[in-house]
Protein chains: 2
Amino acid sequence: MALRANRGQQVLQSNAIVAVDVVLFTVRPKTEIEQAWQVLLVQRDDAAFVGKWSLPGVLVHADETFDAAARRALQTKASLDAAGWYLEQLGTFGHPSRDTRGRVVSVAHVALQRSDELTLVPGSDVLRAEWVPVRWVPAESLAFDHADMLRVAMQRTQSKLRYSWVAFQLLPEKFTLPELRSIYAAILDPALLRLNTSNFKKAFAELFASGALVPVGQRATAGRVGRPADLYAFCGPLGGTWERELPWQMERDLHAPAS
Amino acid sequence: MALRANRGQQVLQSNAIVAVDVVLFTVRPKTEIEQAWQVLLVQRDDAAFVGKWSLPGVLVHADETFDAAARRALQTKASLDAAGWYLEQLGTFGHPSRDTRGRVVSVAHVALQRSDELTLVPGSDVLRAEWVPVRWVPAESLAFDHADMLRVAMQRTQSKLRYSWVAFQLLPEKFTLPELRSIYAAILDPALLRLNTSNFKKAFAELFASGALVPVGQRATAGRVGRPADLYAFCGPLGGTWERELPWQMERDLHAPAS
DNA sequence: GCAAAAGTGTTCATCGTACACCCATGG
DNA sequence: CCATGGGTGTACGATGAACACTTTTGC
């Protein structure tokens with residue numbers, strides 16, 4: 001509330017430290033479906049909390065948007081060029097005692113990106129940067145309230161998968177329907193792997209009708225037994241998603257009180 | 001990034017001003033359905049932006065949660081005791097140039113409350129506090145980026161209404177199904193007023209089955225023509241909501257790019 | 001009694017699911 | 001030629017929407 005004059009312009013006194021943290025999710029193919037959904041964690045080499053695992057994050061610069069800061073966090077902590085990646089704000093965590101170094105308010109973000117062509121290089125103040133299966137994350141030992149962030153991010157991502165087409169962010173240009181199905185199975189429910197191609201395809205009838213999901217006319221190169229799957233391409237707006245409603249509602253946790 | 005020692009404990013330098021703003025929605029009965037959905041706006045008497053209409057907001061105190069600050073905003077700006085009201089974080093708005101007085105980061109919240117027993121009293125730095133139909137809000141003339149906040153809050157509330165039971169937050173203890181229907185109609189689509197009682201009731205079959213929505217066994221006192229409606233009570237957790245899926249999907253804006 | 005509003009039950013179309021069948025590859 | 005996995009079409013069951021009908025009030 002403290003005010004002070006500055007060149008005739010009213011100026012407010014800073015009262016907090018603002019940071020961003022990024023929950024970067026990926027789905028790794030050729031992995032057991034239960035471990036395919038993974039998150040980027042970094043082991044801190046900061047003055048405080050040395051050795052602790054945490055989400056990548058940085059303090060927000062004076063003239064920097066949250067979005068830019070979040071991408072910079074991925075750049076400086078793991079040498080990832082996140083330009084163009086799917087990134088959205090998750091929520092802000094600001095409990096007064098969440099950080100012992102002061103009133104640190106962190107704007108958490110969620111990013112989704114396929115990782116088969118990425119290499120993680122530990123950046124500044126980082127000992128290691130690794131992909132960790134979300135169900136293996138040592139929640140209790142994460143720094144700050146990053147376990148909370150991760151939990152909320154997981155729920156939000158599961159919802160997003162149901163209400164939008166973000167799943168395509170986790171696939172290359174050309175992909176097969178079984179690959180697409182594995183994205184949903186890894187994040188929502190492994191039982192989806194048992195879904196028939198026909199039934200799975202019907203869930204995307206709108207996209208086929210609108211021309212946003214088109215068959216490429218090629219077959220995937222078969223490296224294993226069985227018929228090679230057809231290749232498809234997603235022609236929706238880059239980095240954008242549409243609202244939608246997925247038919248299959250799995251693991252319905254109705255009757256459970258919300259947070 | 002600037003650090004300084006303080007009693008041997010590492011302390012981070014404040015780099016921003018953190019505030020909260022509240023989008024308080026209500027649905028006013030006995031109002032044209034198109035104007036029934038209303039939002040609380042206050043006319044500023046602050047040193048800056050005098051006369052401008054804005055959402056109620058305050059700076060966050062050093063040892064205060066966002067939730068507490070948001071309720072304090074309603075208290076100090078409109079003399080509303082928001083203890084126990086439904087309140088959730090919406091998102092954080094922090095564009096570097098959103099406030100000319102410095103790097104002000106605002107954590108926006110959404111609150112839902114019935115208003116038939118409330119009286120608005122302008123508080124500190126406030127000339128007037130009024131309910132404004134959301135479709136009448138002079139978006140361009142709102143202070144800061146509050147027009148953006150309001151737009152996002154409206155979308156979020158519409159989604160929440162579809163995915164949860166928050167609608168009951170906008171009704172008194174005892175209410176009728178037509179009243180409940182008017183909540184959905186005011187926020188989602190006026191055409192819902194034409195829904196048959198039978199079909200509308202089926203949407204809440206789960207709640208009836210679980211005992212969360214029970215008939216009181218009374219009739220509403222009929223002040224107008226037509227049969228008086230039966231009274232019901234919602235016995236879900238106070239201030240809580242369950243996940244759910246509403247059957248009727250109105251005004252589907254598929255094929256429209258998301259923000 | 002009549003119009004208006006609320007509540008009930010039935011019918012019909014739609015859609016998700018299950019399943020049977022066909023195709024293509026590796027061994 | 002057989003096992004495995006991908007792809008297609010059909011049939012059945014659940015459910016949301018439309019509607020006809022009954023109940024209860026004000027005028």
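Order of the sequence lines sets the chain letters (A, B, ...), proteins ahead of strands, with each chain counted from 1. In this text, all values refer to a predicted model and were calculated from it rather than measured experimentally.
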Counting only N and O atoms by type, is there a donor-acceptor contact under 3.5 Å from the side chain of [X] to the main-chain atoms of [Y]?
| X | Y | value |
| --- | --- | --- |
| A:R71 | A:W85 | yes |
| B:R28 | B:Q38 | no |
| B:E173 | B:A233 | no |
| A:H146 | A:L55 | yes |
| A:T176 | A:E179 | yes |

C:dT14 base / A:K202 side chain donor-acceptor hit below 3.5 Å: no
Rounded to whole Å, please give me the gap between [atom1] in [X] and [atom2] in [N].
| X | N | atom1 | atom2 | result |
| --- | --- | --- | --- | --- |
| B:L195 | C:dA5 | CG | C1' | 15 Å |
| B:L177 | C:dA5 | CG | C1' | 13 Å |
| B:Q218 | D:dT24 | CD | C1' | 17 Å |
| B:R194 | C:dA5 | CZ | P | 12 Å |
| A:K201 | C:dT17 | NZ | P | 17 Å |
| B:E179 | C:dA5 | CD | P | 15 Å |
| A:D230 | D:dG5 | CG | P | 17 Å |

Sequence neighbours left out, what passes side-chain hydrogen bond (donor to acceptor under 3.5 Å, both in side chains) with A:Q113? Give chain and number order. none
Report the relative orientation of the aromatic rings in B:F66 and B:H109; use parallel for angles under 30°, tilted for 30 to 60°, perpendicular for over 60°. perpendicular
Hey, is CZ on B:R135 packed in by over 12 heavy atoms from elsewhere, all under 6.0 Å? yes
Could you work out how much the helix from C:dG1-D:dC27 to C:dG27-D:dC1 bends, comparing the axis of its first five pairs with that of its last five, to 10°? 0°
Per-nucleotide protein contact string for nucleotides 19-27 of chain C, where B marks a base within reach and S marks sugar-phosphate only (heavy atoms under 4.0 Å, - for neither): BB--BBBS-
For a ring-ring contact (aromatic ring centres under 6.0 Å, His included) with B:Y232, tell me which candidate from B:F175, B:F168, B:F208 qualifies. B:F208
